[in-house]
Amino acid sequence: MAGHGHVAHSPKRHTGLMDWLTTVDHKKIGILYLVAGGFFFLLGGLEAILIRIQLMYPDSKIFIGATFNELTTMHGTTMIFLAAMPVIFALMNAVVPLQIGARDVAFPFLNSLGFWLFFMGGLLLNTSWFLGGAPDAGWTAYAPLSSAFSGRGVDFYVLGLQIAGIGTWLGGINFLVTIINMRAPGLSFMRLPMFTWTAFITSTLVLFAFPAITVSLVLLMFDRLFGANFFDAAAGGNEVIWEHLFWIFGHPEVYILILPAFGVISEVMPTFSKKRLFGYSAMVFSTVLIGFLGFMVWAHHMFTVGLGPVANAIFGVATMLIAIPTGIKIFNWLFTLWGGHIRFTTAMLYAVGFIPTFVIGGMTGVMLAIPTADYQYHDTYFVIAHFHYVIVGGMVLGLFSGLYYWWPKMFGRMLNETLGKWNFWTFFIGFHLTFFPQHFLGLLGMPRRVFTYQAGVGLESMNFISTIGAFLMGVGFIIFIWNVIVTNSKKKDAPADPWDARTLEWTIASPAPEYNFAQTPLVRGLDALWTEKMAGNKKMTPAEPLGEIHMPSASILPFLMSVGLFIAGYGFIYHMYVLIGVGAVIVVSCMFTRSFKDDPGWHVPIDEVERTEKEARA
Amino acid sequence: MSGWKNLCRLLPIVALAMFVLTGCGDPYLSALDPKGPVAESQLSLIKLSFYIMLGVFIVVMVIFTYVLVKFRKRPGQTGIPKQVEGNHKLEIIWTTIPIILLLVLAIPTVITTFDLAEKFPSEDVVNVKVTAHQFWWEFDYPDLEVSTGQDLYIPTGKKVQFQLTSADVIHSFWVPALAGKTDTNPGMVNHMWFQADQPGVYQGKCAELCGPSHALMDFKVVAVSPEEFDTWVGKMKAAAERTPATATAQQGQEIFNKSCLGCHAVGGQGGKMGPNLTAFGDRDKVAGILEYNKENIAAWIHDPQSKKPGNLMPAFGDKLSDQEIDSLVEYLDGLKINE
Amino acid sequence: MSTEVSTNLPPHPEKATLEGKNKVLGFWLFLGGEVILFGSLFATFIALRTAFGSGPASQELFSLPLTAVATFILLTSSLFSVLGIQAMHRNDLSGVLKWFGITVLFGLAFLGLEIYEFFEYVHEGHTMSSGAFGSAFYTLVGFHGAHVLGGVCWITGLLSKLPKKGLNVVTAPKLYVASLYWHFIDLVWVFIFTVVYLMGKVG
């Protein structure tokens, strides 16, 4: 680097709120993602509980008609875009740079921008509750219901998701570059920890899937705001275009969500059975294959649209193929456990609970891949059950596992194990109670997104059980929050390697120091830390001498830019061109400031690095 | 981890118990109790895939349970387990067996996908044009020149072939006991067919979110013997010549012709904005959802929005007097085809 | 990572630092996403290209000479940006300013033609609301036009600071990715010319 070593800038360090608004540190951004994602998870969970209250008994009149549709729409949209995605990004931010021995992500500024865009988009969407009603056309927002037959709520959906989506997309690019360019010496692709591999494939899917929803949202926005006719059959439009574009995004999105959970399981299982991951290369290969196939199967969401038997048969069989790499993964996990010394920590309980649950979700997935059988399943509670088994039973259990596992690395404190086990069992049992009966509800003739059902046709008892289960899941989540609060009041005493783990992130202090690695480590095998442990070494071999460490400068610009887009979003929704102008001016001036004022960063001096390292060891 | 083990043992039992407890649901609604060849072929695929998957699940659960019990860390256990890189033989096994299982599944899948998409010549089937509306169903029999709404009459033992479209948003036409669903897309025409083997009133549902009253967009498929069906068609055609039985009903007809005919047709006369009411008196539900009686008919005419939010019918509670509504109800109740 | 102007520019200044490498790789990935973005818009356009609605048909609407000129201008501008990057590799600041300056002027000329074209079309009854074809046309071509406008502003901004900052390992990656971007929107235009105009005139 030109001029490296003699930069005269003093470190810009903010404290308090300003620190959080300006931080470009991946660890802090990870925490921001976690807090925001947790908040939206609470909102989405509350919406779910309200849905289940309405459906507890037949013919309830609590939330009916458009109100019920608002609840289901916001539950789905919130959970997918505003809860699941950010928590995945939280883990990726917290873990990936540490696992590859990097000091930060490739684009710290973009990382911060990605977070604030997501957050402001989510906020914009949720303000619709107070501004005349939330979107009510379903999280899939099929046109023309969404384009010509819905109120202003859908404008919030369009703008909110557009802003949040750009943020997620930037995040995807950032992680790709980080993983490709910033791995520590010796860390070849075939030595990458599985979580980083899944983060890599997920980011690839984000990169190629999100532009499709960007375009579909643009088309919907133009139809709604500027009189375009994309989805208006009377003017030559075609509403099926929306379905194609939405699912070209939407199906990969499912794999975007589940792959990092696979990654977590592949980290947690080896650690707590004290064995290396069984069939590492097959795991990598199956992850890549799932990612690839994920783009080839979107039309299985559209079997009933009338695409014809040729398309239906092809997409059906292609979908079944995904079962093969997924099966490989399941058996590799089982054989990772085989012969190990299994410790049932909370993280491991979640990972273990993941297997039967996800297998059920995968099996119903194969059943759904049969087009003619899907004519019966489609848009019924069977589908609801299926994707909750995959997304909650797969992804959410995986994320909880990851949170219990990496919590000490993120916060320097260990989550309480007793509460953790209560958390697991209530959530796990509640989950199965909620969703297992829904398979049958669908087959017995209950469509999804209905606010009521008939009495006397065999639907009452299972709907009732389902609601009870939902409450139990709610209790499970409250126990988790309680655990977080309890843990937060204790002192930061987590050791660097509390689980006797295998990968690079456990070689540095908990929580990780600002600069992550005092010296970039040299990686000498798969499971870098375990390799050293087996060689009898206490720590990693450094790949560079101790020197002052370059750090990126904090910046308020990402926050301001997101606020600008937030304001412009209202301008579009309310056709107030002044607001669009104000927002645009903010965004453009931030971009110019960023572009023209070079950011040289700052350096952590050697003595400070030495002092921090010594304190961490003490 | 005995709690865990117990739960694993319990799961299949719970599943089984649920099947037994619920039976197969309502015989005229459930997809698990098919009443025609289409739903039967769909259920047979559901069963085939379910059994294959159940087999896989059992294998996974047996290994899973064994592993968790056998290899849990014992107190005092030290040392490091053998670090296994992988096992090619095993990996080939669990790649090949799923491929074979999927082939077993894929072949009937492809065959039925093409079978159910078949189209038949008009002389072998009853053709019905389905037009979905927010939140009701319009049925036209183009070959028979008969139209109806909400209640779809079909003969048993004969294929009924549908052309499906929509007047507004996307809906989905679903009669679980007879066949899976097909979407109705505005500006396009989809095809499907089914056949009812036994007479009965089968429940139909809209399966695609279509607005506030999506949950209430029910309809009925009334399957009757071919002879009864022919009689029904004949009477439907002759319905234009019917005259109201009572003076009140006569009065009701005048009100109907003045206030309702713009949207609702009776006996081939009238608009298509709302359901065809030619055989209204034969229905067993008002608006597809309310129990059929005069109070509910009157309540619906008074304020349709409170019954089915978002539907297009204006409230007549403040346009017509109670007495006028009563005579209207009497007239509508007399619109019977089947005596 | 320094603002100081280095007098000796390394052979590939755009990739001489990790930041530069990251920027170039990240930008290629960005373009990968843009391919999907335009791919989706193209797919939509192709599905709707004959739904003229109340507007004129594409055969009567399009004037190939005008678009041919626009195409020529944009393709040539891409060539100038190549010359600009070559000048950058020679550490020739004035060459960079000259060639990229011409690139921007050609970009502006292209935009001028496009605005004129849109103006004419609206006059002939071809609007966003005249039919699905109109919606798809203005969205696809307009998205491209907005990209050109963005590129013009971006490169102008870069050039305005270049005399002060000079060519170094900080400014070089910026110029390099800007030229990548310019090539990309050029390439997109080739597809638009083929799919929208040629197929619209003939098919």
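Chain naming here is simple, since letters A, B, ... match the order of the sequence lines and numbering starts at 1 in each.
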Just wondering, are more than 12 heavy atoms of other shown residues or ligands nearer than 6.0 Å to [atom1] in [X]?
X: C:His12; atom1: NE2; answer: no
X: A:Phe226; atom1: CZ; answer: yes
X: C:Trp28; atom1: CH2; answer: no
X: C:His123; atom1: NE2; answer: no
X: A:Met591; atom1: CE; answer: no

Validation row: C:Leu48, A:Ile241 side chains within 4.5 angstrom (heavy atoms):
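Yes, close enough: below the 4.5 Å cut-off.
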Any side-chain heavy atom of A:Val215 sitting closer than 4.5 Å to one from C:Phe143?
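With C-beta onward as the side chain, the pair stays apart.
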Looking only at non-hydrogen atoms, find the nearest pair between [X] and [Y] and report the distance.
X: C:Phe30; Y: A:Ile173; answer: CA-CD1, 3.7 Å
X: A:Phe222; Y: C:Met128; answer: CD2-CE, 3.1 Å
X: C:Ile36; Y: A:Phe208; answer: CG2-O, 3.3 Å
X: A:Pro211; Y: C:Gly33; answer: CG-O, 3.3 Å
X: C:Ser40; Y: A:Ala212; answer: OG-CA, 3.9 Å
X: C:Ser129; Y: A:Asn229; answer: O-ND2, 3.0 Å

Atom pair [atom1] ([X]) and [atom2] ([Y]), whose distance is rounded to the nearest 0.5 Å:
X: C:Asn22; Y: A:Thr178; atom1: CG; atom2: OG1; result: 7.0 Å
X: A:Leu176; Y: C:Leu25; atom1: CG; atom2: CG; result: 8.0 Å
X: C:Leu41; Y: A:Leu219; atom1: CG; atom2: CG; result: 6.5 Å
X: A:Thr214; Y: C:Glu34; atom1: OG1; atom2: CD; result: 9.5 Å

For [X], is it the side chain, the backbone, both, or neither that has a heavy atom closer than 4.5 Å to a heavy atom of chain A?
X: C:Lys21; result: both
X: C:Ala136; result: both
X: C:Ser54; result: neither
X: C:Leu29; result: both

Pull out the residues in residues 110-122 of chain C that come under 4.5 Å of chain A, heavy atom to heavy atom, sorted by number.
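So far as heavy atoms go, nothing in residues 110-122 of chain C approaches chain A to under 4.5 Å.
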Is there a donor-acceptor pair under 3.5 Å between the side chain of C:Lys174 and the backbone N or O of A:Ser595?
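Such a contact is found between C:Lys174 side chain and A:Ser595 backbone.
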Top contributor to chain C interface from A:Ala234, A:Gly172, A:Ala209, A:Gly236 [non-hydrogen pairs under 4.5 Å]
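Option with the top pair count is A:Gly236.
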Quick check on the interface: out of A:Leu207, A:Val218, A:Asp223, A:Val240, who has the most heavy-atom pairs with chain C under 4.5 Å?
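Counting heavy-atom pairs under 4.5 Å, the top option is A:Leu207.
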Under a 4.5 Å heavy-atom cut-off, does chain C meet the side chain of A:Phe107, its backbone, both or neither?
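Contact with chain C: side chain only.
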